[in-house]
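Written out below as structure tokens is the structure these notes cover.
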Amino acid sequence: YRADSSSNKWPTNKLTYRIENYTPDMSVAEVDDSIQRALQVWARVTPLKFTRIYSGIADIMISFAVGDHGDGSPFDGPNGFLAHAFGPADGLGGDTHFDDDETFTFKSSNGYNLFLVAAHEFGHALGLDHSTDPGALMNARYTYRDVDSFVLPRDDVRKIQALYGSNPEIPDKPEPTPPPTPNACDPRLVLDAVTGLRGETYFFKNKFFWRSHPQMPQTEQFLIKSFWPELPGDIDAALEDPSADLVYIFKGQKVWALNGYDVVNRKSLSSFRLPATVKKINAAVYDESTGKMLFFVGKSYYSFDTNNKKMDKGYPKQVEERFPGMTGKVTAAFQNNGFTYLFSGPRVFEFNESTLMRVLGNKHFLQC
Amino acid sequence: RSVPLSTDMSDEEFAKNYLKELYAMQEDNTPSFGRKVSEMSLKLSEMQEFFGLKVTGTLDAETLEMMKQPRCGVPDVAA
């Protein structure tokens with residue numbers, strides 16, 4: 001495989017593929033469907049057309065193999081390398097091999113989803129390199145994502161269209177907008193939620209989060225599903241209750257309780273004794289000094305007593321009563337080193353108890 | 001999160017094989033007189049930069065964890 005993508009493309013838009021054999025992990029129909037959908041990921045955004053053949057030599061020969069399978073790049077058993085593909089060329093060019101020591105799946109997040117692995121490999125078979133964008137399909141690392149609502153990310157669309165152009169056909173229904181990967185340097189970045197997790201801080205935005213360790217200058221960006229396949233994107237709020245070693249993730253009426261990488265409980269917003277009129281919260285924070293969970297809704301907030309498992313009386317109160325100077329809607333919140341950080345759009349208000357210390361930007365926390 | 005490996009190789013041996021496979025690292029059979037930076041260190045730096053890790057040129061725990069994650073077997077750099 002050559003990484004010189006600029007000259008590494010097929011000279012025709014009409015390509016053939018052939019499935020030479022099957023994995024025992026899935027039915028024949030499931031493999032056929034996964035492969036066909038994986039090719040369509042690329043066909044939808046380019047002029048490329050894929051035709052299946054059942055005998056002879058196709059441009060893209062697809063097979064499942066284990067260990068040394070005769071192409072000079074042996075597989076390594078379970079995990080590790082999942083598959084590989086050869087860039088556009090005659091002979092081995094375009095051929096795509098899957099390591100059959102893996103457990104491949106059709107829809108599930110258990111094992112490796114064949115559609116996702118195949119779609120990535122076909123990107124190579126069409127001439128794409130690995131991407132450093134953690135949200136890109138062409139990132140080297142396997143990450144499970146929701147297969148039913150999969151939309152090719154913007155980074156991949158841009159790169160494949162640089163090789164083959166866009167699809168000239170007008171689709172029956174408009175394609176969903178390719179999702180971009182959030183950029184920490186965007187001055188307009190509005191985070192969805194922020195929480196601590198065992199000494200680290202997690203900053204959520206869309207389907208992604210940044211992870212910051214107090215001893216590391218770098219922040220790493222990941223897909224939420226790469227850590228917690230069950231969690232949705234675009235969450236409303238998150239907070240950590242360190243006394244219980246739990247992180248709560250809020251979206252609408254749904255709440256997930258996480259213990260590290262495991263989802264240990266599913267609750268509803270009403271289990272925190274919020275009034276039925278509250279359909280979603282905007283932000284949440286655990287106040288370590290009082291043991292209270294604060295839930296922000298618009299410009300008001302509620303206080304939940306974690307010890308007695310009941311809502312404190314006299315709430316909701318105006319956020320500005322407790323945090324003078326915080327006049328806007330709180331969009332995310334967390335505590336760190338005794339300070340409370342309230343996010344309002346792209347601005348971050350740092351409070352020591354009830355005293356406003358500084359107004360910061362996201363760049364104070366995220367490496368840019 | 002890291003994925004357990006079905007291998008008895010030491011971490012350094014594992015890292016060497018990873019870099020040979022994916023970063024075109026050569027087997028170093030020659031004496032290293034006068035070489036300030038080993039090829040393994042250079043290749044580790046390439047890999048750390050590609051994945052947005054802290055570039056140390058050494059095999060730290062974070063780099064090893066990244067190496068052990070499931071991935072595509074196509075090299076990240078040109079052969």
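Every chain is numbered from 1 and lettered A, B, ... according to where its sequence line falls, protein lines coming before strand lines. Because only heavy atoms are used, hydrogens play no part in the values below, and waters and symmetry mates are left out as well, while side chains stay in.
Residue contact with chain B, scored on non-hydrogen atoms closer than 4.5 Å, involves the side chain of A/E121 exclusively. For B/F50, the parts sitting under 4.5 Å from any heavy atom of chain A are the backbone and the side chain alike. Heavy atoms of A/T219 lying under 4.5 Å from chain B are absent altogether. Proximity to chain B involves both the backbone and the side chain of A/A140, based on heavy atoms less than 4.5 angstrom apart. For B/E49, no part lies under 4.5 angstrom from a heavy atom of chain A.
A/F150 places a side-chain heavy atom less than 4.5 Å from the side chain of A/R145. Residues B/R71 and B/M66 form no side-chain contact, since every pair of their non-hydrogen atoms from C-beta on lies 4.5 Å or further apart.
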>> Could you go through A/K107 and A/D146, starting from their C-alpha distance and side-chain angles, then the distance that decides it, and tell me whether this counts as salt bridge (charged side-chain N to carboxylate O under 4.0 Å, His left out)?
In response: CA-CA 9 Å; A/K107 294 276 185 182; A/D146 192 350; over 6 Å; no
>> I'd like to know whether A/V41 forms a side chain to side chain contact (heavy atoms under 4.5 Å, CB included) with A/F115, so could you lay out the CA-CA distance, the side-chain angles of the two residues, the decisive distance to 0.1 Å, and finally the verdict.
In response: CA-CA 10 Å; A/V41 162; A/F115 160 75; 3.6 Å; yes
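Comparing A/H97, A/H84, A/R141, A/Q221 by how many heavy-atom pairs each has under 4.5 Å with chain B, the most go to A/R141.
Using a 4.0 Å cut-off between charged nitrogen and carboxylate oxygen, B/E46 and B/K43 count as a salt-bridge pair.
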